[in-house]
**Q** 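Quick one: the structure is below, and I'll ask about it shortly.
Heads up: numbering here begins at 1 and tracks the sequence.
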Amino acid sequence: MLDLARRAAFRATLFARDARGSTAMEYALIGALIFVVAAGSLRYYGSRMIPIYNQISTAVTQAN
């Protein structure tokens, strides 16, 4: 049982020192942040554009 605990502690130490995945994780966080900002801005500007499109639609309908 003690050997298993030592191996687990050794593996945990190796995992904590391994920096290979941290770069990928940073890129994933940056990508997620960009996605959230893009989705939020599209939703914001989309809702602000609805009255403009309605006004265009009304003008086109009245012109016919």
**Q** Does one hydrophobic cluster hold both V37 and Y45, with members joined at side-chain heavy-atom distances below 4.5 Å?
**A** no
**Q** When you measure from the side chain of S57 to the backbone N and O of Y53, does any donor-acceptor pair fall under 3.5 Å?
**A** no
**Q** Distance from M49 atom CE to I56 atom CD1, nearest 0.5 Å?
**A** 7.0 Å
